[in-house]
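Numbers for residues simply follow the sequence, beginning at 1.
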Amino acid sequence: MPAVTVENPLTLPRVTAPADAVARPVLGVTTAPSGFEGEGFPVRRAFAGIDYRHLDPFIMMDQMGEVEYAPGEPKGTPWHPHRGFETVTYIIDGVFDHQDSNGGGGTITNGDTQWMTAGAGLLHIEAPPEHLVVSGGLFHGLQLWVNLPAKDKMMAPRYQDIRGGSVQLLTSPDGGALLRVIAGELDGHAGPGITHTPITMIHATLAPGAEVTLPWREDFNGLAYVPAGRGAVGAERRPVRTGQTAVFGSGGSLTVRADEKQDSHTPDLEVVLLGGQPIREPMAHYGPFVMNTRDELMQAFEDFRKGRLGTIPAVHGMSEGGL
């Protein structure tokens, strides 16, 4: 970690918050509980215990791994349905194959992101390619769920494959922070991800002792999740470490700082920064469906049972080279 980097960050555009921007306070820091997903791969539930009013439009996020698989151990998920939201799968290390009942999908690896708009619904599978199952190896990534407003929940499904090399790379004034803008924009620099709900998603790497204060849209919420390392957030320097999420209050800037000393296996502080425009609509969420009302949720289950979300392709093997 990380997969996408540069030799000299000072060659990149530099961003900083205006001096008069109001600093966002830290409202709280939570620690993600560990669990298992799909066929048994380890995850950290990044947003567990956080009030939804601080998350909206984000629903949940899992840190998948970091895990070093032995030969025969890599795992994925079985076929499963989705409706009413978007899944964002960001692979930091390793390889994952995706396929859906509409014929979409592909292979994502080191620094790639797959953005799947489930919309009206589909069936979906995620699995390591056969060569990784045979060899074993490192696997580490994130999956974020982004809500859709009521007007977009029944739209046609859509895929975006965002290659690691296409993300917008930025840095702090002193070059101590590498910022990868995956979606949305930061200080006028836009990432490649196209979103229905206005959001910003950034993967930041801070060298030991580095600090960055970023401009942040005042109409967005603000979250910082730490996949690896130790540091502090906010002007008050609230401590954070691996597996913790910081929730920011209102304001026009947010600050992240890396501790001078990091763990031996984690040379830098890795932080995923998220901001989004709250939808402020009722939400009915159960399992793989995210709707606005209980009746819509029941209809989603009924449609799934009757095969209206698609059928599993007769041939769905995924090759080493992708689909």
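Ring-plane geometry between Trp145 and His82 is classed as perpendicular, the angle between the planes exceeding 60 degrees on a 0 to 90 degree scale with a lower cut at 30.
Side-chain atoms of Arg45 never come within 3.5 Å of backbone atoms of Ala32 as a donor-acceptor pair (strictly under, hydrogens ignored). Between the side chain of Asp62 and the main chain of Met64, no donor-acceptor pair closer than 3.5 Å is present. Looking at Gln277, its side chain never comes within 3.5 Å of a backbone N or O of Phe220 through a donor-acceptor pair. Remark: the backbone N or O of Phe47 is not paired with any side-chain donor or acceptor of Thr245 at under 3.5 angstrom. Asp56 contributes a side-chain N or O that, together with a main-chain N or O of Ile279, makes up a donor-acceptor pair within less than 3.5 Å. Under the 3.5 Å distance criterion, the side-chain polar atoms of Glu236 are left unmatched by any main-chain donor or acceptor of Pro25. In terms of modelled atom types and a separation under 3.5 Å, the side chain of Thr171 and the main chain of Pro13 share no donor-acceptor contact. For Arg24 (side chain) and Gly249 (main-chain N/O), a donor-acceptor pair under 3.5 Å exists by modelled atom type. Side-chain atoms of Asn221 come within 3.5 Å of backbone N or O of His54 as a donor-acceptor pair. Checking side-chain atoms of Thr117 against main-chain N and O of Gly119 turns up no donor-acceptor pair under 3.5 Å.
At a cut-off of 3.5 Å, with distance as the only test, no side-chain donor of Asp268 or Thr205 sits close to an acceptor on the other residue. For the residue pair Asp174 / Ser172, a side-chain donor-acceptor distance below 3.5 Å is found, with atom types taken as modelled. Residues Gln299 and Asp303 have side chains that bring a donor and an acceptor to within less than 3.5 angstrom of each other. Checked by atom type, the side-chain pair Gln99/His124 shows no donor-acceptor distance below 3.5 Å.
Between His285 and Tyr52 there is no side-chain heavy-atom pair separated by less than 4.5 Å. Side-chain atoms of Arg44 and Thr242, non-hydrogen and from C-beta on, do get closer than 4.5 Å to each other. Considering only heavy atoms from C-beta on, Tyr90 comes within 4.5 Å of Ile182 through its side chain. The shortest side-chain heavy-atom distance between Gln262 and Pro267 does not fall under the 4.5 Å cut-off. Side-chain contact between Glu211 and Thr255 is present, with heavy atoms from C-beta onward closer than 4.5 Å. With contacts defined as side-chain heavy-atom distances shorter than 4.5 Å, the pair Leu148/Glu86 qualifies. At a threshold of 4.5 Å between non-hydrogen side-chain atoms, the residues Met291 and Asp295 do not count as touching. The side-chain heavy atoms of Ile50 and Val247, taken from C-beta on, include a pair separated by under 4.5 Å.
Checked against a 6.0 Å centroid threshold, the rings of Tyr286 and Phe301 count as neighbours.
Atoms OG1 and CH2, from Thr89 and Trp115 in turn, are 10.5 Å apart once rounded to the nearest 0.5 Å. One finds the CG atom of Asp112 at 12.0 Å from the CD1 atom of Ile92 (value rounded to the nearest 0.5 Å). Taking NE2 of His203 as the start and CG of Leu169 as the end, the distance is 11.5 Å to the nearest 0.5 Å. In this structure, the separation between CD on Glu281 and NZ on Lys153 is 7.5 Å, given to the nearest 0.5 Å. Considering CG of Asn110 and CG of Asp93, their distance stands at 6.0 Å, rounded to 0.5 Å. In this structure, CG in Leu144 is found 10.5 Å from CZ in Phe85, a value given to the nearest 0.5 Å.
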Evaluate the criterion side chain to side chain donor-acceptor pair (under 3.5 Å) for residue pair Gln63 and Gln143; output intermediate values, then yes/no. CA-CA 7 Å; Gln63 180 181 3; Gln143 186 170 93; over 6 Å; no
Evaluate side chain to side chain contact (heavy atoms under 4.5 Å, CB included) for Thr16 paired with Leu214, printing each intermediate quantity in order. CA-CA 5 Å; Thr16 189; Leu214 301 176; over 6 Å; no
Could you go through Leu269 and Val226, starting from their C-alpha distance and side-chain angles, then the distance that decides it, and tell me whether this counts as side chain to side chain contact (heavy atoms under 4.5 Å, CB included)? CA-CA 8 Å; Leu269 172 66; Val226 182; 3.7 Å; yes
Going through the checks in order, is the side chain to side chain contact (heavy atoms under 4.5 Å, CB included) test met by Val290 and Met283? CA-CA 7 Å; Val290 183; Met283 185 177 70; 3.8 Å; yes
Begin from the C-alpha positions of Leu170 and Leu12 and carry the test side chain to side chain contact (heavy atoms under 4.5 Å, CB included) through to its verdict. CA-CA 5 Å; Leu170 306 169; Leu12 301 172; 5.6 Å; no
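Scored by the side chain to side chain contact (heavy atoms under 4.5 Å, CB included) test, Asp161 finds Ile108, Gln114, Arg163 as partners (sequence neighbours excluded). Scored by the ring-ring contact (aromatic ring centres under 6.0 Å, His included) test, Phe96 finds His98, Phe139 as partners (sequence neighbours excluded).
What you find for Phe58 and Gly275 is that their closest heavy atoms are CZ-O, 3.5 Å. Across all their heavy atoms, Thr266 and Ala228 have their closest contact at CG2-CB, 3.6 Å. Taking all atoms of both residues into account, the shortest heavy-atom contact from Pro57 to Ile199 is CG-CG2, 4.0 Å. Smallest separation of non-hydrogen atoms from Val43 and Phe36: CG2-N, 4.1 Å. The two residues Trp216 and Gly222 come nearest to each other via the heavy atoms NE1-CA, 3.8 Å. The shortest non-hydrogen separation linking Ala258 to Pro208 is CB-CA, 4.2 Å.
Grouping the Ile, Leu, Val, Met, Phe, Trp and Tyr side chains by contacts below 4.5 angstrom, directly or via other members, places Val167 with Val146. The same ILVMFWY cluster, assembled from side-chain heavy atoms under 4.5 Å apart, contains both Ile202 and Val15. Val29 and Leu274 end up in different hydrophobic clusters when Ile, Leu, Val, Met, Phe, Trp and Tyr side chains are linked at under 4.5 Å. Leu186 and Val212 fall within a single hydrophobic cluster, where Ile, Leu, Val, Met, Phe, Trp and Tyr are joined by side-chain heavy atoms under 4.5 Å apart, directly or via other members. Leu254 and Tyr225 fall into different hydrophobic clusters, where Ile, Leu, Val, Met, Phe, Trp and Tyr side chains are chained together by heavy-atom contacts under 4.5 Å.
No salt bridge links Asp259 with Lys261; every basic N to acidic carboxylate O contact stays at or beyond 4.0 Å. A salt bridge is defined here as a Lys NZ or Arg NE, NH1 or NH2 lying under 4.0 Å from an Asp or Glu carboxylate O, and Arg230 with Asp263 meets this definition.
Heavy atoms from other residues, nucleotides or ligands lying under 6.0 Å from CZ of Arg241 number 12 at most. For CE of Met155, the number of neighbouring non-hydrogen atoms (other residues, nucleotides, ligands) closer than 6.0 Å is greater than 12.
Met116 belongs to a hydrophobic cluster whose remaining members, ordered by chain and number, are Leu122, Tyr159; membership requires side-chain heavy atoms of ILVMFWY residues under 4.5 Å apart, directly or through intermediates.
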